[in-house]
Q: 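Below is the structure I would like to discuss, written out as structure tokens.
Computed from a prediction, not measured in an experiment: that's the story for all the values here.
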Amino acid sequence: MKNIIFDLGGVVLDWNPEKVRREFTTNPELPRFLFDSGFFQEHWTEFDRGTYTEEEMTGKMSALSGFPLPDCREFMEYIKHSLVDIPRTVGLIRNLSEQGYPLYCLSNMSHEFYDYLKGREVFRYFKGQIISAREGMVKPDEAIFHLLLERFGLEPHECLFVDDLPANVKTAADLGFHTALFADREKGYQAIDRFIAG
């Protein structure tokens with residue numbers, strides 16, 4: 001196992017829907033409606049694919065919820081700023097880089113969210129990055145995994161793929177990647193440690 005590929009949200013960045021839902025106080029009904037109506041499952045994927053700009057996504061949010069556009073813009077910014085680094089993962093990535101492991105990221109993320117985040121320290125440790133909106137494809141589709149392999153000359157059996165969503169991990173495993181599911185963070189770290197030790 002030579003290469004390690006990290007998802008971002010839920011692995012490197014703390015995506016916490018319950019916290020977002022609980023702490024956005026400008027209009028508490030807005031996140032409640034969006035999460036309960038399945039807005040994120042139905043529409044956010046196309047935002048990550050690059051189909052919609054942030055402004056178009058915000059407009060859709062307002063049209064579907066019936067809440068004012070300024071509230072929706074503020075909520076979008078709140079989501080963006082909620083994506084704080086997970087210090088333990090950033091430290092792990094730094095250490096793995098210092099040990100000589102080639103590291104990559106493969107993330108579903110919009111243009112605007114990536115532009116906001118890309119200046120953070122952790123990105124300097126990635127030898128290559130695949131961001132869904134820039135490629136017009138998303139996980140768990142096999143195409144984006146094939147793109148990763150082809151662009152960086154990787155072999156799946158030489159790669160460990162780390163992600164918090166079972167569907168993404170399943171696609172990677174089906175393609176021959178080693179995988180570590182990060183749905184339970186502690187178990188995710190333990191799985192990475194086992195691969196490094198092995």
Side-chain angles (χ1 to χ4, degrees), residues 6-90 105-120 122-123 129-145 161-172 181-188:
F6 287 89
D7 174 39
L8 295 177
V11 177
V12 177
L13 308 168
D14 188 18
W15 166 234
N16 189 330
E18 282 307 312
K19 184 178 180 185
V20 168
R21 179 174 182 150
R22 185 173 64 249
E23 296 185 1
F24 181 72
T25 56
T26 299
N27 181 346
E29 293 302 316
L30 175 58
R32 191 171 299 137
F33 171 84
L34 294 173
F35 283 113
D36 291 348
S37 68
F39 175 86
F40 287 93
Q41 292 86 344
E42 189 172 346
H43 299 287
W44 203 266
T45 298
E46 293 308 310
F47 183 40
D48 284 343
R49 196 189 302 272
T51 305
Y52 305 125
T53 65
E54 183 173 310
E55 186 61 23
E56 288 169 337
M57 190 67 178
T58 306
K60 184 176 289 289
M61 190 182 288
S62 176
L64 292 173
S65 69
F67 290 112
L69 190 57
D71 288 5
C72 295
R73 287 197 182 108
E74 186 173 341
F75 183 55
M76 185 70 84
E77 285 301 306
Y78 186 83
I79 295 173
K80 196 182 298 179
H81 289 270
S82 78
L83 295 171
V84 297
D85 291 350
I86 300 173
R88 184 173 172 183
T89 306
V90 174
C105 79
L106 173 58
S107 182
N108 285 356
M109 186 170 286
S110 69
H111 291 290
E112 294 88 348
F113 275 49
Y114 177 69
D115 287 342
Y116 168 71
L117 294 164
K118 67 184 179 183
R120 294 191 185 179
V122 70
F123 287 93
Q129 303 175 39
I130 299 288
I131 303 298
S132 61
R134 299 169 77 181
E135 311 298 343
M137 54 184 75
V138 294
K139 296 177 292 183
D141 297 346
E142 287 189 4
I144 198 167
F145 289 90
F161 174 69
V162 184
D163 198 293
D164 64 318
L165 295 181
N168 298 340
V169 168
K170 182 181 185 306
T171 297
L181 178 60
F182 226 71
D184 180 308
R185 199 172 291 174
E186 191 57 42
K187 289 181 180 177

Q: Would you give the length of the straight line joining atom CG of Leu64 to atom CZ of Phe33, rounded to the nearest 0.5 angstrom?
A: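 Between atom CG of Leu64 and atom CZ of Phe33 there are 6.5 Å.
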
Q: Could you walk me through whether Phe182 and Phe6 pass the side chain to side chain contact (heavy atoms under 4.5 Å, CB included) test, one step at a time?
A: CA-CA 10 Å; Phe182 226 71; Phe6 287 89; over 6 Å; no

Q: Tell me whether Asp85 contacts the main-chain N or O of Pro87 through its side chain, where contact means a donor paired with an acceptor under 3.5 Å.
A: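 Not at all, since once roles are kept as given, no pair shorter than 3.5 Å links the two residues.
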
Q: Can you list the steps and then say if Cys72 with Asn27 is a side chain to side chain contact (heavy atoms under 4.5 Å, CB included)?
A: CA-CA 9 Å; Cys72 295; Asn27 181 346; over 6 Å; no

Q: Side-chain contact, heavy-atom cut-off 4.5 Å: Ile131 with Cys105?
A: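 Yes, side chains in contact.
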
Q: Strictly under 6.0 Å, is that where the ring centroids of Phe67 and Phe75 end up?
A: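 Not under 6.0 Å, so no.
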
Q: Nearest 0.5 Å please: distance from the CG atom of Leu83 over to the CG atom of Leu8.
A: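 One gets 9.5 Å once the value is rounded to the nearest 0.5 Å.
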
Q: Are Trp44 and Val138 packed together at the side-chain level, in the sense that at least one heavy-atom pair is separated by less than 4.5 angstrom?
A: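 Of all side-chain heavy-atom pairs linking Val138 with Trp44, none is under 4.5 Å.
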
Q: So which heavy atom on Thr58 is nearest to which on Arg73, and how close?
A: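 Nearest pair, atom of Thr58 first, then Arg73: CG2-N, 3.4 Å.
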
Q: List the atom of Asp141, the atom of Arg49, and the distance in Å for their closest heavy-atom pair.
A: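 In terms of heavy atoms, the two residues are closest at OD2-NH1, 3.9 Å.
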
Q: Less than 4.5 Å apart, any side-chain heavy atom of Leu69 and any of Glu55?
A: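 Yes. Closest side-chain heavy atoms under 4.5 Å.
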
Q: Just how far is it from atom NZ of Lys80 to atom CD of Glu77, taken to the nearest 0.5 Å?
A: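 Reported to 0.5 Å precision, the distance equals 4.0 Å.
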
Q: For Leu165, is there any backbone N or O sitting under 3.5 Å from a side-chain donor or acceptor partner on Asp163?
A: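 Here the side-chain-to-backbone pair exists.
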
Q: Do the side chains of Asp36 and Arg21 get close enough for a salt bridge, i.e. N-O under 4.0 angstrom?
A: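 Yes, this pair counts.
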
Q: Do Asn168 and Asp7 pass the side chain to side chain contact (heavy atoms under 4.5 Å, CB included) test, and can you show the C-alpha distance, the side-chain angles, and the key distance before you say yes or no?
A: CA-CA 10 Å; Asn168 298 340; Asp7 174 39; 5.5 Å; no

Q: So, the side chain of Thr89 versus the backbone of Val11: is there a donor-acceptor pair under 3.5 Å, distance only?
A: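 A pair under 3.5 Å: yes.
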
Q: Determine, for Glu42 against Lys60, whether the closest basic-nitrogen to carboxylate-oxygen distance falls under 4.0 angstrom.
A: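 Answer for the salt bridge query: no.
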
Q: Over all heavy atoms of both residues, which pair between Met61 and Met76 is shortest? Give the atoms and the distance, please.
A: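 In this case the closest contact between Met61 and Met76 is CE-CE, 4.0 Å.
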
Q: Distance check, rounded to the nearest 0.5 Å: Ser107 atom OG versus Ile130 atom CD1?
A: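 CD1 of Ile130 is found 11.0 Å from OG of Ser107.
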
Q: What class does the angle between the rings of Phe40 and Trp15 fall in, given that below 30° is parallel, 30 to 60° is tilted and above 60° is perpendicular?
A: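 Tilted: the ring planes of Phe40 and Trp15 meet at 30° to 60°.
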
Q: Step by step, work out the side chain to side chain contact (heavy atoms under 4.5 Å, CB included) result for Tyr116 and His81.
A: CA-CA 9 Å; Tyr116 168 71; His81 289 270; 2.9 Å; yes

Q: Arg120 versus Val90: any side-chain heavy-atom pair under 4.5 Å?
A: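 No, side chains not in contact.
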
Q: Looking at Pro68 and Ser62, what are the two nearest heavy atoms and their distance?
A: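 Smallest heavy-atom distance, with atoms named: C-OG, 3.9 Å.
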
Q: Kindly compute the distance separating CD1 (Ile86) from CG (Asp14), expressed to the nearest 0.5 Å.
A: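 Taking CD1 in Ile86 and CG in Asp14, the distance rounds to 5.0 Å.
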
Q: Please check this pair: side chain of Ser65 against backbone of Leu30, looking for a donor-acceptor N/O pair closer than 3.5 Å.
A: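 Such a contact is absent between Ser65 side chain and Leu30 backbone.
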
Q: To the closest 0.5 Å, what do you measure between CD1 (Ile79) and CG (Leu34)?
A: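 The CG atom of Leu34 is 7.5 Å from CD1 of Ile79, to the nearest 0.5 Å.
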
Q: Test your reading of the model: is there a side-chain donor-acceptor pair from Lys139 to the backbone of Leu106, 3.5 Å cut-off?
A: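 Between the backbone of Leu106 and the side chain of Lys139 there is a qualifying donor-acceptor contact (under 3.5 Å).
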
Q: Strictly distance-based, threshold 3.5 Å: is any side-chain N or O of Ser132 a donor or acceptor partner for the main-chain N or O of Asp48?
A: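 Yes; judged by distance alone, with no hydrogens or angles, the pair exists.
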
Q: Indicate yes or no: at least one non-hydrogen side-chain atom of Arg88 is less than 4.5 angstrom from one of Glu186.
A: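 Yes, at least one pair of side-chain atoms sits under 4.5 Å.
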
Q: Distance-only, no hydrogens or angles: does the Glu112 side chain make a donor-acceptor pair with backbone N or O of Glu54 under 3.5 Å?
A: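 Such a contact is found between Glu112 side chain and Glu54 backbone.
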
Q: Closest heavy-atom contact between Phe47 and Tyr52?
A: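 So the two residues come closest at CD1-O, 3.4 Å.
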
